[in-house]
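These notes are about the structure you will find just below.
Not measured: the values here are computed from a predicted model.
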Amino acid sequence: MLETALDTIKSIEMSRQLYVLSGILELYYSQNYEQAYIDYIQDDMISYVNKSDHQILAVLGIFHGKVTDYIANPLEKTEGRKEYLNRILKLREPYDDGNDSPLRIALEQSLESIHNKAEFFISGSGEMYIRKVS
């Protein structure tokens with residue numbers, strides 16, 4: 001059961017990444033760079049990411065508690081308990097100490113880069129150079 005839950009959390013993370021990526025691509029392909037529109041998209045996506053971050057942390061906390069507090073029968077094997085605890089802690093790691101999730105950081109950086117213009121140059125040898133334009 002715990003294995004299925006951990007796999008489900010990974011699937012949810014991939015779904016969240018797809019959601020954020022599609023929102024960013026919507027901005028790029030629509031070429032609608034009005035600040036009000038960008039703010040709307042950003043607020044909507046950050047709200048969703050924050051809400052799902054809290055839900056994921058809550059579920060991981062519940063599973064951590066259940067695995068930690070589980071009392072096995074005398075004949076039951078418990079070797080996998082430490083492995084499950086390590087997997088849960090690894091999934092929680094990006095959120096510990098009040099850090100923003102990596103997905104939220106990537107989202108904010110992507111939306112900030114919309115306003116940063118750059119010129120690209122390709123040399124005769126095929127090397128690419130970027131010159132930022134303010």
[X] [atom1] to [Y] [atom2] distance, which is reported to the nearest 0.5 Å:
X	Y	atom1	atom2	result
Y40	M45	OH	CE	10.5 Å
D7	S11	CG	OG	6.5 Å
D53	L103	CG	CG	7.5 Å
L107	L21	CG	CG	10.5 Å
S52	Y19	OG	OH	9.5 Å
I9	T4	CD1	OG1	11.5 Å

Legend entry - R16/E13 ion pair, N-O < 4.0 Å: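 Looking at E13 together with R16, the answer is yes, because their closest N to O distance falls below 4.0 Å.
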Out of curiosity, does [Y] fall in the hydrophobic cluster containing [X] (side-chain heavy atoms, cut-off under 4.5 Å, transitive links)?
X	Y	answer
Y33	L111	yes
I41	Y28	yes
L91	L85	yes

Inset, instruction - Taking all non-hydrogen atoms of both residues into account, name the closest pair between S110 and I24 and its distance. - result: CB-CD1, 3.5 Å
Do [X] and [Y] make a side-chain contact, defined as non-hydrogen atoms from C-beta onward lying under 4.5 Å apart?
X	Y	result
E93	L89	no
I56	I12	yes
E127	I122	no
H64	R92	no

Inset, instruction - Answer yes or no: is there a donor N or O on one side and an acceptor on the other, between the side chain of S22 and the main chain of L18, under 3.5 Å? - result: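 Answer holds: yes.
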Legend entry - Side-chain H-bond candidate by donor/acceptor type, E26 with Y37, under 3.5 Å: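 Indeed, the side chains of E26 and Y37 share at least one donor-acceptor pair under 3.5 Å.
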Inset, instruction - Assess whether side-chain contact (heavy atoms from CB on, under 4.5 Å) is satisfied between V59 and F63, documenting all intermediate values. - result: CA-CA 6 Å; V59 168; F63 281 124; 3.4 Å; yes
Inset, instruction - Give a yes or no on whether E34 atom CD has more than 12 heavy-atom contacts from other residues, nucleotides or ligands under 6.0 Å away. - result: no
